[in-house]
Each structure stands twice: as C-alpha cells, then as structure tokens.
Amino acid sequence: MSQEKKITKYTASIHYDRRLYRQDVAGSIAHVRMLAKQGIITDREAESIGMGLSSIRQEIEDGSFPWKDELEDLHMNIEARLFEKIGDVAGKLHTGRSRNDQVATDMRLYCKEAIGDTQKNIKALQSALLATAEVNPGVVIPGYTHLQRAQPVLLSHHLLAYFHMLQRDRERFQDCLHRVNVLPLGSGALAGVPYPIDREFVARELGFGGISKNSMDAVADRDFLVEYHAAAAVCMMHLSRLADETVLWSSQEFGFIRLDDSYTTGSSIMPQKRNPDFAELARGKTGRVYGHLVGILTLLKGLPLTYNRDLQEDKEGFFDTVDTLLSTLEVFAGMMSTLTVNVERAREAARDSNILATDLADYLVSKGESFRSAHGIVAELVRHAASQGKGLAELSLEDYKKLSPRFDEDIYAISVESSIASRDVPGGTSPRRVEEAMKEAHRLLEWEFGG
Ligand code: ARG
C-alpha cells in the first residue's frame, strides 16, 4: 500500500459510517426543502437536488453505489455522487450547513431509531418471560441468597423479577430519547449560519421534538450517545444475570430447565454435551458493551469545544453496542419462550426441608416468641438435625419441644405451599399476588410510552 493510501485509510470512516446513509439523505432532503422554502435556493434547484438524493439512496440500497474510500466519509461520497448525477447545482446542497452539524444530526436520527428498536426488542423479551411464567403456574423453585437455598418461591415470581428489570430498561431508553430528540442542524460548523434558515421546519420534517439551543454545544457534545451506552450497559447487565441463571439452571446440577436444541450446541469431543452457548455468549458480550461506554466517555473527556476529529470515533462502538444489544435481546426472547421446565427437579430442590427454617421461626413468632429468639431456636434445631444427618422435617416433635415448648403437632403442616401462600404482601410470592402481578405485567406491556 502506498504511503498516501495508508494515510487516507487512517482518516477514513466510510467503511462504517455508510450505515448512516438513510439518515444522511433524509437530513439533506429536509435541509434543501427548507432552503427553497426560505428562498435561499430556488424550488427547481431543491427539486433537482432532492431527486438526485433519492436516486442515490436507491443506488445504495440496490448495491450499485460507487463507494470511494479516498472520499473519506459518507457525506463526501454522497455529495460527490450528487455532482456526477445533477451537475453543479449539487454544490448548493451544503449551503448553510457543515459536516459538523450534519453528522451530529445523522447520529441523533440513528440513535432515535435504535432506541425504538431496542424498546421493541426489550418488550418482546418481556412478553416471552411473561408467557413462560404463565404456562408454568404453581411451579415451585427454591429462591436463593448467596446461591444457597433460602425460601421457596414460585418460578413465575422469579421470572417476573426479570420482567421488571427490563421494564426499567425500557423506561431508561425512553428517558434518554427526550434528550436525543433534538435537532442540531442549523448550527453550522459551530457558530450558527448567516442565512435566514428555518430550523423548526427542519425539525418537524425530520420528526425531532425540538431544536438545540446552543450551536457550539450542538456540534461538540455526544452525551446523548453516552446515555444510550449507559442504558445499554445496564440492560446487558440484566441480560447477563439472566444468562448466568440460564447456564446454572440448565446444568445437570440444577436441571430446572431444558433449553430448546436450537439454543444449545454439542461438544466436538463429548457427545453427551448440550452447552448453553447462547447464554454464555450473552454473558461474554456484556463486557464489550461496558467497554464501549468507557470508550465514549474517555473519547469526550478532554475535548475543547467544539468539533474535533476525535468525534468520528463515536461511531463504531455505538454501532457495535446497538447490534450486540438488539441481537442479544432477540436471542433471549427465543430462548426464554422455547425452554421447558423440569417441574419435578425444581420441586425436589425446593422440598429441601431446611428451606422452611424461616417459616418455623415465623411459626414461633405466631405463638408469642420474639423473632430474634425464634431465629436462634431454629438455628439450633438445624444444627441438631444436621448432626443426626437429618432435615428439619425428619425431627420428632420431642426434638422440637426440647428447644421450645411452643412447638406443637401443627408444625408438620408447614409446607412449601403454606410457606409460599403466606408471603401474601404486595410484591410477594403468594399465588394470589403473583397472579395479580402477571395481570399488572400485561398492563405494563400494553402501555406504550409517548414521544
Ligand atoms: N466523518 C466526520 C465525523 O464522523 C464528519 C465530520 C467531519 N467534520 C470535519 N470538520 N472534518 O465526525
């Protein structure tokens, strides 16, 4: 490669910013319409530029567009092609505009679409989790703290926990959208433009909610991307936790779920293997999404106002994060809606009689003991049972009574079911509450965010 080519390659962004072509063409068309409306160019000129731009979009879509690396970026490629197509009038397109406000506009348009797609995919995963919760009513699993069996819960309650994490994620993207939804075009290179432009018109044409208030800020900042990255990082963190539980639960040790064959892979040497690669990859990909968040923050932190070429580096990480998040959400929606639950295995694990230790303490409380001392008594019981190689349910009433005279025959009525049913508080795991929670989840899904 010649020295000159190497140098051009270093500054070029065309191999990745071509992804912005739809936004770029839309922004340009809105801009020339406004220029004509304001009498800055003639209607005929605007029409010719508009038609040229539309045919360029068509060429890009059918793969016939002659991309030129030496033209550096998408904007220069499109403008050069416009000259080839319509001649010198193409030179009027860039009136009252700079690549600085142009590229900021493209990125905001792209980000708005990405937010819509992300919210749609989050919602699809929420629906899948809800459907899986609904087709497994009454399925009991151990709930864990410290990955130790803690208290029995309904599987649907556990799944709805993820539903709510994702609901907050969807809201976070909606919140981010308010600040993305602002038009920078009309800021020029940095100081505004010396033409009687109508920025509000362009904003309406492009579907923006408003216009930026400071031209220097508009071309210099990318905080709206930081917000997308941050919301994406939180969402991937949630998916990664779900991924981790998917790996655990589908293992032979847990065996609570069986993933559909399409979401497992075999091993090249061990024929018995059904590896949860999709879940593992999602967990792994979370790292690069975090990385891009740190990348954009670092990119911005030392930049003097306004535009600096460093900003060109805002794109690849962002596109990668969008792609990673969208595909992970899609894979998870499929994986969650096709898994099957091994009801017996889950129940077996939840039948571990020590899992009802808290219920025994609550029993003593109902008989007048303070919770703290009840806790101590049951801890002693657990130790005593363990020393005899038994679970709590296998101890005799005498054993119980030795530790507290408050114990009676009715302790044997304490069961996984009674334990779950007793957690009948808002947000608790009782069947009644979970049923209500599932109805509420449907309402949350149906509710569309405005804006
Ligand atoms: N490719 C550039 C970017 O993505 C477009 C803006 C170029 N502006 C400039 N002053 N060189 O940031």
Side-chain angles (χ1 to χ4, degrees), residues 4-32 53 56-57 60 65-83 90-91 93-114 180 182-195 202 206 212 214-229 292 295-323:
E4 201 193 321
K5 267 216 151 133
K6 271 190 205 161
I7 296 284
T8 338
K9 198 168 166 230
Y10 193 78
T11 55
S13 54
I14 186 61
H15 49 291
Y16 52 83
D17 68 12
R18 64 177 69 178
R19 237 176 117 146
L20 297 166
Y21 81 90
R22 266 194 305 111
Q23 291 74 16
D24 199 69
V25 168
S28 291
I29 290 178
H31 180 66
V32 288
L53 286 167
I56 285 172
R57 181 174 48 209
I60 296 175
F65 186 88
W67 297 104
K68 294 195 178 111
D69 288 355
E70 62 279 16
L71 287 176
E72 202 175 282
D73 64 17
L74 169 78
H75 324 294
M76 305 291 262
N77 264 270
I78 290 184
E79 194 178 7
R81 184 70 182 141
L82 192 63
F83 270 96
L93 165 62
H94 217 49
T95 314
R97 187 177 77 170
S98 151
R99 269 192 294 162
N100 298 351
D101 56 353
Q102 184 181 357
V103 75
T105 303
D106 291 1
M107 289 301 279
R108 282 179 181 268
L109 281 172
Y110 194 96
C111 192
K112 277 181 67 173
E113 278 185 41
V180 178
V182 174
L183 174 80
L185 206 62
S187 302
L190 77 161
V193 300
Y195 300 92
V202 179
L206 293 174
S212 56
N214 179 296
S215 60
M216 298 179 78
D217 173 36
V219 296
D221 212 347
R222 295 291 184 268
D223 58 352
F224 64 97
L225 292 180
V226 175
E227 289 194 47
Y228 183 95
H229 279 278
H292 295 319
I296 184 84
L297 284 168
T298 312
L299 171 67
L300 295 170
K301 77 176 271 290
L303 296 185
L305 297 186
T306 54
Y307 180 85
N308 298 272
R309 191 60 180 276
D310 315 44
L311 290 176
Q312 179 167 295
E313 290 289 314
D314 65 352
K315 295 179 189 61
E316 284 170 292
F318 175 61
F319 293 149
D320 186 59
T321 283
V322 173
D323 292 344

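Order of listing sets the numbers, starting from 1, for every ligand and every atom in it.
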Please identify which atoms of ligand 1 are closer than 4.0 Å to at least one heavy atom of [X].
X	value
D73	1 (N), 2 (C), 5 (C)
S13	1 (N)
R99	6 (C), 7 (C), 8 (N), 11 (N)

Worksheet item: Would you find a donor on one side and an acceptor on the other, under 3.5 Å apart, between the side chain of D101 and the backbone of G186?
Response: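 Pair found, side chain donor or acceptor close to backbone of G186.
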**Request:** Determine yes or no for a side-chain-to-main-chain donor-acceptor pair under 3.5 angstrom, with Q312 supplying the side chain and T11 the backbone.
**Result:**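 Yes: the side chain of Q312 pairs with the backbone of T11.
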**Prompt:** So, R19 and D323, do they make that salt bridge, N to O below 4.0 Å?
**Reply:**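 Salt bridge between R19 and D323, a charged N being under 4.0 Å from a carboxylate O: yes.
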Salt-bridge contact E79-R99 (side-chain N to carboxylate O under 4.0 Å):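 Between R99 and E79 there is no salt bridge, as every charged N stays at least 4.0 Å from the carboxylate O atoms.
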Please evaluate residues I60 and R18 with respect to the criterion side-chain contact (heavy atoms from CB on, under 4.5 Å), reporting the C-alpha separation (whole Å), side-chain torsions for both, the decisive distance (0.1 Å), and the verdict. CA-CA 9 Å; I60 296 175; R18 64 177 69 178; over 6 Å; no
Tell me which protein heavy atom sits closest to atom 3 (C) of ligand 1, plus the residue, atom name and distance to 0.1 Å.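 Nearest neighbour among protein heavy atoms for atom 3 (C) of ligand 1, to 0.1 Å: Y307 OH, 3.2 Å.
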- Query: Who's the nearest protein heavy-atom neighbour of atom 8 (N) of ligand 1, and how far?
  - Reply: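 Among all protein heavy atoms, the one nearest atom 8 (N) of ligand 1 is N100 OD1, 3.0 Å.
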Does any N or O atom in K315 lie less than 3.5 angstrom from one in ligand 1, N or O only?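 K315 vs ligand 1: N/O contact under 3.5 Å present.
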Quick check: does H75 get an N/O under 3.5 Å from an N/O on ligand 1?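 No - when backbone and side-chain N and O of H75 are compared with those of ligand 1, no distance drops under 3.5 Å.
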Report task. Check whether the side chains of S28 and R97 place a donor and an acceptor atom closer than 3.5 Å, and report yes or no. Result ->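 S28 vs R97: donor-acceptor pair found between side chains.
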